[in-house]
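Letters A, B, ... are given to chains in the order of the sequence lines, protein chains preceding strands, and every chain is numbered from 1.
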Amino acid sequence: MSLKLFNTMTRQKEEFQPRESGKVAMYVCGPTTYNYFHAGNGRMFVVFDMIRRYFMYKGYDVRYIQNFTDVDDKIIQRGKVEEMDPLALGQKYIEEYFKDAKELNLLPATIHPKATEHIPEMIEIIQELVSNGLAYETDGDVYFAVDHFPNYGKLSGRTLEDMKAGARVEVDERKHHPMDFALWKKAKPEEPFWESPWGNGRPGWHIECTAMSLKYLGSGFDVHGGGEDLVFPHHENEIAQTEGYLKGQTFAHYWMHNAFLTINQEKMSKSLGNFFTIRELLAKFSGEVIRFYLLGTHYRSPLDFNDQNLVMAQKGLERLHTSIRLAQEALDREGSSSNEQIEAELFKAAKEAREAFEKAMDDDFNSALAYAALFELAKTMNGCVQENPAPSEALATAQKTLLELGGVLGIDLLHSVLVPAANDETLKQVMEVVLQIRSRSRQKKDWEMADFIRDALKDKGIVIEDTPQGARWQIRGN
RNA sequence: GGCGGCAUAGCCAAGUGGUAAGGCAGAGGUCUGCAAAACCUCUAUUCCUCAGUUCAAAUCUGAGUGCCGCCUCCA
């Protein structure tokens, strides 16, 4: 099965052909670390983590680079507000990134390079661009000369003429062309700086990605990703400076961009102020629910965020968890199934789910469509377990398939089995006694006591469900 | 002004020419002391509007309406 992905550069789905057989090299633009990352950033991280995991599932050895922009205007500005050294502030939010990333079940990148640790590499590239005539220095700043780079605008599908018509660019007398962008910025007093051939200063925003992606992935790597708003100017400028530096070699082959998270149909963004952080959201929903929600819409479609939709996602996710749990209960029973018809059905369902899942994901990572495969497998498993609650290889295979496919999306469905049952021996024993007491009440038809126990435990987050095979319990909640 | 995207049931959301996935919510049923979970059945003759192409259109074309994004820091 071939994998197709949408390439922003060509505006169509293309069959994925890796630079090097069996390997995927990808670079994803990471956060600027001046705050906790917001839900929109979170969508991007989750989307590209899902893409990475699917590449891995397909057997690729994935080298995944995600940077930290730990010096820029916003960090400096925020440092002033918090009365903190800007570079220390950057480090602080790098640490906070990893906390939230863990909750969202994001795999750590192969390398998480920091901009501040790659200044010499950037200076070298800038020097080369200057000597190639693609960049020029003006009063301590260095700019890239966009009109010296043929095809400027090829990624975003616009020309320099189009952009002039926009006329939203402030005229800066020091630039040769209004669209020229900074490679190096002269330091103002009290700003962090590094020494350079052009005096003390710091790098422009775009150059870090060029330096770090080339250092860790080399030229012509496979996938470069980020949010839709990075297409222009960030990625456009990266291409100009990198391909200028590489004298025309291709920078990256596939450019992938996720659509925005919106709130009340408007883009969530820091400048509009209508954002909330993943950290805030984690107070209300588990990282798993947030992740499940974010992947429930194709990554190139806008996603409108609100609590009601999160609740719907949570319920759906619970359904998958329940299915794993019900299967586990059957598998834990004594004996074995001898119902060949049901076993055949389970094997078939597992096979079909995998095929449907792969078909969906092969088509530009259609995780929303892949969900349908998971739900259908869960439904078949539930029905089979209900009819024939006995262990069988088929049931184990079906359960394993559901766990595996969920795992490819970064959803850990096994958690529901482990948490209530395995962790706390004392709690387990206490619950055994409690359920015995309740069982006796029920035998005596003391429904009041039986219901009291159930309701009281429910208040504490422990849910009791009666089944023909006796009561079961689990810990609910986030 | 330039460029681009989107419009599918009460809600979320797949589907880019062959006759509307999946989830949530809702209705009825099975099971149950009750509940929960699970299972079964039902819930869009129709995909923003109007025209056109076609044997066939949610899917293609044209016009219109509405919403959104990029063009400035933004994932």
Other residues, nucleotides and ligands only: do more than 12 of their heavy atoms fall within 6.0 Å of CD on A:Q341? no

Specify the separation, in whole Å, of atom [atom1] of [X] and atom [atom2] of [N].
X	N	atom1	atom2	value
A:N258	B:G69	CG	C1'	13 Å
A:F6	B:G4	CZ	C1'	10 Å
A:R325	B:A38	CZ	C1'	10 Å
A:H257	B:G69	NE2	C1'	14 Å
A:R438	B:A36	CZ	C1'	10 Å
A:R300	B:G69	CZ	C1'	15 Å
A:R158	B:G4	CZ	P	10 Å
A:I324	B:A38	CD1	C1'	15 Å

Using the side-chain contact (heavy atoms from CB on, under 4.5 Å) criterion, which residues pair with A:N306? Sequence neighbours excluded. A:D304, A:Q308, A:N309

Under the salt bridge (charged side-chain N to carboxylate O under 4.0 Å, His left out) rule, collect the residues that match up with A:R43, sequence neighbours excluded.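 Applying salt bridge (charged side-chain N to carboxylate O under 4.0 Å, His left out) to A:R43 gives none.
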
Short side-chain N/O contact from A:N382 to OP1 or OP2 of B:C39, under 4.0 Å: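 A:N382 to B:C39 OP1/OP2: side-chain N or O found under 4.0 Å.
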
Hey, does the side chain of A:N41 come within less than 4.0 Å of B:A75's phosphate (OP1/OP2), counting only N and O?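 It does, given that an N or O in the side chain of A:N41 lies less than 4.0 Å from OP1 or OP2 of B:A75.
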
Separation of the [atom1] atoms in [N] and [M], to the nearest angstrom:
N	M	atom1	value
B:C60	B:U16	C1'	9 Å
B:A58	B:U19	P	11 Å
B:A21	B:C34	C1'	36 Å
B:G29	B:A36	P	14 Å
B:C40	B:A75	P	45 Å
B:C42	B:G22	P	11 Å

Aromatic contact between A:F68 and A:Y97, with the criterion being ring centroids under 6.0 Å apart: yes or no?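 Between A:F68 and A:Y97, the centre distance is under 6.0 Å.
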
Between A:Y254 and A:F16, is the ring centre distance below 6.0 Å?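 Yes.
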
Please table the atom pairs, donor to acceptor, closer than 3.5 Å between any side-chain atom in residues 371-390 of chain A and protein atoms at least two apart or in another chain.
unit_1: A:Y371; atom_1: OH; unit_2: A:F292; atom_2: O; d: 2.5
unit_1: A:T380; atom_1: OG1; unit_2: A:E376; atom_2: O; d: 3.1
unit_1: A:N382; atom_1: OD1; unit_2: A:S323; atom_2: OG; d: 3.0
unit_1: A:N382; atom_1: ND2; unit_2: A:A378; atom_2: O; d: 3.3
unit_1: A:N388; atom_1: ND2; unit_2: A:S337; atom_2: OG; d: 2.9

Contacts table for residues 445-462 of chain A: side-chain donor-acceptor under 3.5 angstrom, sequence neighbours left out:
unit_1: A:D446; atom_1: OD1; unit_2: A:M449; atom_2: N; d: 3.2
unit_1: A:D451; atom_1: OD1; unit_2: A:R454; atom_2: NH2; d: 3.4

Can you say whether a donor on the side chain of A:D466 sits under 3.5 Å from an acceptor on the base of B:C34, or the other way round? yes

Ignoring hydrogens and angles, does a donor from either the side chain of A:R454 or the base of B:A35 sit under 3.5 Å from an acceptor on the other?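 It does, because a donor-acceptor pair links the side chain of A:R454 to the base of B:A35 below 3.5 Å.
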
Nearest to side-chain heavy atoms of [X], which nucleotide of [options]:
X	options	answer
A:T322	B:A38, B:C70, B:C68	B:A38
A:R442	B:C34, B:A14, B:C11	B:C34
A:L261	B:C68, B:A75, B:G4	B:A75
A:W447	B:C70, B:A75, B:G33	B:G33

Sorted by position of nearest nucleotide on RNA chain B, 5' first, the leading residue of A:D451 and A:P302 is A:P302

Contacts of A:H234 and A:A378 projected onto RNA chain B by closest heavy atom; the upstream (5') one is A:A378

Check for me: is A:F45 stacked on B:A75 by the 5.5 Å centroid and 30° plane-angle rule? no

Counting any heavy atom closer than 4.0 Å, what does A:G40 reach on the DNA or RNA strands: base, sugar-phosphate only, or nothing? base

Would you classify A:L272 as touching base, sugar-phosphate or nothing, given that sugar-phosphate means primed atoms plus P, OP1 and OP2, and contacts are heavy atoms under 4.0 Å?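 Result for A:L272 = nothing.
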
Walk along nucleotides 15-27 of chain B from 5' to 3' and tag each nucleotide B, S or - by protein heavy-atom contact under 4.0 Å, base first, then sugar-phosphate. S-----BSBBS--

Close side-chain approach of A:H235 to A:H224, heavy-atom, < 4.5 Å: yes

Would you call A:E465-A:R472 a salt bridge at under 4.0 Å N-O? yes

Dot-bracket summary - RNA chain B, pairs being Watson-Crick or G-U whose distances fall under 3.5 Å, with | when paired to another strand: ((((((((.[[[..)..(...]]].(((((.......))))).....[[[[[..)....]]]]])))))))....

Which heavy atom of A:G410 sits nearest a heavy atom of A:N105, and at what distance? O-ND2, 2.8 Å

For the residue pair A:E238 and A:T210, confirm or rule out a side-chain donor-acceptor distance under 3.5 Å.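 No pair is found: no donor N or O on one side chain lies under 3.5 Å from an acceptor on the other.
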
